[in-house]
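Within every chain, numbering begins at 1; the chains are lettered A, B, ... in the order of the sequence lines, protein sequences first and strands thereafter.
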Amino acid sequence: MSSSEVLDGEAEWNGGIMGQQKNLEGYVGFANLPNQVYRKSVKRGFEFTLMVVGESGLGKSTLINSLFLTDLYSPEYPGPSHRIKKTVQVEQSKVLVKEGGVHLLLTIVDTPGFGDAVDNSNCWQPVTDYIDSKFEDFLNAESRVNRRQMPDNRVHCCLYFIAPSGHGLKPLDIEFMKRLHEKVNIIPLIAKADTMTPEECQQFKRQIMKEIHEHKIKIYDFPETDDEEEMKMIRKIKDRLPLAVVGSNTIIEVDGKRVRGRQYPWGVAEVENGDHCDFTILRNMLIRTHMQDLKDVTNNVHYENYRSRKLAAVTYNGVDNNKNKGQLTKSPLAQMEEERREHVAKMNKMEQEMEQVFDMKVKEKLQKLKDSEVELQRRHEQMRKNLEAQYKELEEKRRQFEDEKTNWEIQQRILEQQKLEASRTMEKGKKKKIF
Amino acid sequence: MASTEIARQAGDGVRAVPLAGHVGFDSMPDQLVNKSVNRGFCFNILCVGETGLGKSTLMDTLFNTKFEGEPTQHNQPGVTLKSNTYELQESNVRLKLTVVNTVGFGDQINKEDSYKSIVEFIDAQFEAYLQEELKIKRTLHSYHDTRIHACLYFIAPTGHSLKSLDLVTMKKLDSKVNIVPIIAKSDAISKSELAKFKIKITSELVSNGVQIYQFPTDDESVAEINSTMNSHLPFAVVGSTEEVKIGNKMVKARQYPWGTVQVENENHCDFVKLREMLIRVNMEDLREQTHTRHYELYRRCKLEEMGFKDTDPDSKPFSLQETYEAKRNEFMGELQKKEEEMRQMFVQRVKEKEAELKEAEKELHEKFDRLKKLHQDEKKKLEDKKKSLDDEVNTFKQKKTAAELLQNQAQQAGGSTTLKRDKERKN
């Protein structure tokens with residue numbers, strides 16, 4: 001269920017989950033949508049980039065010409081016998097072909113010199129570099145602020161030509177396919193299939209597929225469909241992998257028919273004869289039924305792999321890239337947002353801590369101050385009391401002294417009195433005596 | 001053969017080569033179409049209009065099905081958006097349809113902010129898509145697109161002109177979504193009034209610079225019908241899910257005492273035109289416009305807001321990664337600066353507080369020094385008093401001693417006198 005009531009501008013989506021099934025009670029018209037899509041796609045036109053890789057002389061250019069029924073390479077194009085440089089080049093030719101109102105911008109990427117040197121170590125490097133550079137271009141175009149219609153020059157399919165030795169894959173074949181199977185859709189082909197008998201071919205194919213599985217090489221796989229018929233066809237194709245092909249630029253007359261083929265003293269090997277080779281299967285699969293899927297897989301799988309690896313490497317600069325896988329699903333902007341939030345939280349915490357420490361220290365200091373005040377106060381009190389006691393003592397002493405003094409003075413006075421009296425008496429007596 | 005975008009893009013440097021036979025890539029459009037049919041289509045409509053203009057009914061009529069919901073009341077405090085998603089199928093085509101309704105639009109007394117929730121909602125969908133697009137690990141091909149592809153703006157059938165709320169809202173929305181204005185409940189307007197009404201509306205839209213969606217005329221197969229239809233905008237529609245028997249058929253209609261308005265009768269209203277244009281002919285274009293125009297505009301604005309910009313318009317391709325890195329460094333620098341500032345502030349505060357406390361300490365000591373001094377003075381006074389007392393005592397003692405001596409002498413003298421007397425007596 002997905003109906004939901006929400007507030008203030010933000011609707012909540014159970015995005016991706018099924019909505020409620022409703023039955024139409026009459027004509028609406030969106031059944032015409034496929035036609036609208038068809039119309040628009042024709043108006044836009046299509047593009048496709050096909051790469052061919054293999055040693056010289058395996059008939060790559062001939063096969064391309066046979067596939068597209070044209071002389072794709074311009075007359076100035078130097079063939080193997082004319083090639084001067086012996087290092088691996090990557091060359092692209094663009095042609096515009098039209099058929100039935102449909103325009104196709106076809107880019108053929110050639111790799112002259114591949115595997116021709118004596119030391120072929122890293123001869124795949126220019127190829128991987130080329131593929132990556134196309135991904136890079138697309139990524140940059142996609143990442144611009146001002147985006148325009150982006151041309152899709154990414155390599156959609158790579159036809160890898162295996163020499164018809166009859167034994168198995170060469171180390172170079174294995175090495176190349178291992179390096180490229182996660183960057184591009186690889187379709188391995190057995191070249192010049194007319195040099196093998198059907199039995200030899202069968203055995204060769206089985207050997208190759210065995211080795212491909214052994215080395216865990218991922219070649220292009222056909223998508224599953226619900227259609228039983230289609231699935232049957234696909235299974236038949238899968239049985240015949242890798243496809244053994246023959247190409248030809250010459251038209252020969254066979255039984256009154258004009259066919260592409262190779263003329264031998266013992267007969268004509270026909271390109272489009274299903275008994276002679278798998279060319280027709282290749283053409284149908286590559287062009288007529290799975291061209292769009294090849295593009296989709298390139299876009300949804302190979303390109304996304306490149307992109308996520310590239311962006312992950314940048315955003316987590318210096319940080320362990322193999323960290324929490326869940327983080328990779330976030331957009332870098334969201335990542336920055338989160339980092340900002342984390343930092344704000346950290347700052348708040350730090351601020352709080354600092355405040356706490358500050359308050360504590362202040363409290364300590366104040367307490368100390370208070371204590372010292374109390375101490376001083378106490379001492380002062382003590383001194384005062386001391387002084388007071390001394391005062392009291394002094395007072396007491398003075399009092400005593402005063403008392404003593406007063407007593408003595410009184411005594412003295414009494415004595416004086418007595419003396420006076422005594423002297424008076426004596427005087428009296430003396431006087432008496434005299435008489 | 002007309003030139004295609006690809007041909008134009010390829011330019012002059014590309015050869016066009018003739019084919020010597022049937023290669024078979026003319027099946028490409030079919031391959032593409034098959035894939036999209038298998039994946040299913042998705043379309044999101046937003047209905048904006050005042051309560052009671054028949055938005056839900058029109059949706060039901062348009063898609064020939066009974067969608068959810070009861071009619072809403074007029075007492076909503078603000079504008080909210082309610083969305084529902086449905087799975088529809090017509091022949092072999094599956095459509096995931098989402099209908100978003102504005103609830104409470106136009107009901108408030110103060111309608112200044114009415115458009116805000118709508119704009120926020122549309123932006124939120126763009127934002128969700130942008131976030132997905134910017135993720136490191138993303139699944140765009142299976143992403144459920146929630147962006148609004150078409151906005152049906154319901155105009156009240158006053159017959160006079162657009163309300164200011166309509167103009168304000170449409171102006172805010174025209175750069176974010178494809179606006180298809182329609183005159184709702186148009187069975188309330190007579191034919192002559194309708195023509196005048198349409199002209200008035202169109203001229204008001206033009207004079208206010210509101211850009212409504214125009215049906216595309218660049219594809220020759222539909223150019224003619226689209227341009228004809230463009231001249232009939234805005235469509236005057238009537239919706240109804242009730243059926244009435246006309247002749248021997250049951251048709252969708254509204255029955256009045258004076259006659260029956262048939263929804264699908266092109267003389268009665270433009271419903272059929274709307275359905276044709278919106279669904280049958282231009283649905284894909286509406287989606288494309290949303291993606292290539294409105295979404296790109298949103299994205300551009302958002303990225304520029306965050307400080308990203310293309311280093312050079314054409315030549316050197318700009319690397320998003322480099323900008324992320326630069327942005328991130330800048331951002332980290334800012335954060336560090338803030339941290340430093342905070343630390344400095346604290347150091348400052350600590351210094352200030354320390355100074356304060358020192359002051360207080362000093363005062364305290366001064367106070368006690370003063371007290372001490374007082375105390376000293378007191379002590380001195382006490383000493384003085386003591387001294388003077390001692391002096392007095394000494395003086396007194398001396399006096400006393402002197403007096404006693406005198407007394408003794410006197411006594412001795414007196415004694416001798418007494419002795420003399422006694423002697424005399426005796427004699």
Which of the residues [options] is involved in the greatest number of heavy-atom pairs with chain A at under 4.5 angstrom?
options	value
Val119(B), Leu278(B), Ile279(B), Asn92(B)	Ile279(B)
Arg94(B), Lys367(B), His365(B), Glu361(B)	Glu361(B)
Val37(B), Asp219(B), Thr65(B), Asp30(B)	Asp219(B)
Arg349(B), Lys372(B), Lys379(B), Glu378(B)	Arg349(B)
Val281(B), Leu97(B), Asn34(B), Thr139(B)	Val281(B)
Asp285(B), Asp123(B), Leu364(B), Val350(B)	Leu364(B)

Indicate the atoms forming the closest heavy-atom contact of [X] with [Y], along with that distance.
X	Y	result
Arg280(B)	Gln36(A)	O-NE2, 2.6 Å
Thr70(A)	Pro18(B)	OG1-O, 2.9 Å
Pro34(A)	Val93(B)	CG-CG2, 3.6 Å
Leu394(A)	Lys386(B)	CD1-CG, 3.3 Å
His22(B)	Arg288(A)	O-NH2, 3.3 Å
Ser41(A)	Leu32(B)	CB-CD2, 3.5 Å

Flag side-chain contact, heavy atom, 4.5 Å: [X] against [Y]:
X	Y	result
Arg379(A)	His375(B)	no
Pro29(B)	Lys40(A)	no
Val222(B)	Arg39(A)	yes
Lys399(B)	Glu409(A)	yes
Leu357(B)	Leu366(A)	yes
Gln20(A)	Glu87(B)	no
Gln89(B)	Gln21(A)	no
Lys43(A)	Glu220(B)	no

Region of [X] in contact with chain B, defined by heavy-atom distances below 4.5 Å:
X	value
Phe358(A)	side chain
Phe68(A)	both
Gln377(A)	both
Glu142(A)	both
Arg44(A)	both
Asp296(A)	side chain
Lys295(A)	side chain
Leu67(A)	backbone
Glu402(A)	side chain

So for [X], is it side chain, backbone, both, or neither that comes closer than 4.5 Å to the heavy atoms of chain A?
X	answer
Asn282(B)	backbone
Leu374(B)	neither
Lys35(B)	side chain
Phe346(B)	side chain
Glu334(B)	neither
Asn38(B)	neither
Glu288(B)	side chain
Arg287(B)	neither
Asp218(B)	both
Asp390(B)	side chain

Between the side chain of [X] and the main-chain N/O of [Y], is any donor-acceptor distance below 3.5 Å?
X	Y	value
Glu284(B)	Val37(A)	no
Gln31(B)	Met291(A)	yes
Asn64(B)	Tyr27(A)	yes

When rounded to the nearest 0.5 angstrom, what is the spacing between [atom1] in [X] and [atom2] in [Y]?
X	Y	atom1	atom2	result
Ser27(B)	Glu99(A)	OG	CD	8.5 Å
Lys338(B)	Met347(A)	NZ	CE	6.0 Å
Phe48(A)	Phe25(B)	CZ	CZ	12.0 Å
Ser308(A)	Ile136(B)	OG	CD1	8.0 Å
Glu339(B)	Glu351(A)	CD	CD	11.5 Å
Glu393(A)	Leu382(B)	CD	CG	9.0 Å

Please assess Lys400(B) against Glu404(A) for the test side chain to side chain contact (heavy atoms under 4.5 Å, CB included), listing each intermediate value before the final yes or no. CA-CA 11 Å; Lys400(B) 192 170 161 189; Glu404(A) 204 186 309; 3.6 Å; yes
Quick one: do Val97(A) and Val23(B) satisfy side chain to side chain contact (heavy atoms under 4.5 Å, CB included)? Show the steps, please. CA-CA 10 Å; Val97(A) 285; Val23(B) 176; over 6 Å; no
Determine the option with the most heavy-atom pairs under 4.5 angstrom with chain B, choosing from Asp293(A), Asn299(A), Asn35(A). Asp293(A)
Please rank Asn23(A), Asn32(A), Val28(A), Leu105(A) by heavy-atom pairs under 4.5 Å with chain B and give me the top one. Val28(A)
Partners meeting side chain to side chain contact (heavy atoms under 4.5 Å, CB included) with Lys368(A) (sequence neighbours left out): none
For Lys353(B), does the NZ atom have more than 12 heavy-atom neighbours from other residues, nucleotides or ligands under 6.0 Å away? no
Ring pair (Phe, Tyr, Trp, His ring centres under 6.0 Å) between Phe30(A) and Phe41(B), worked out: CA-CA 10 Å; Phe30(A) 61 79; Phe41(B) 297 88; 8.7 Å; no
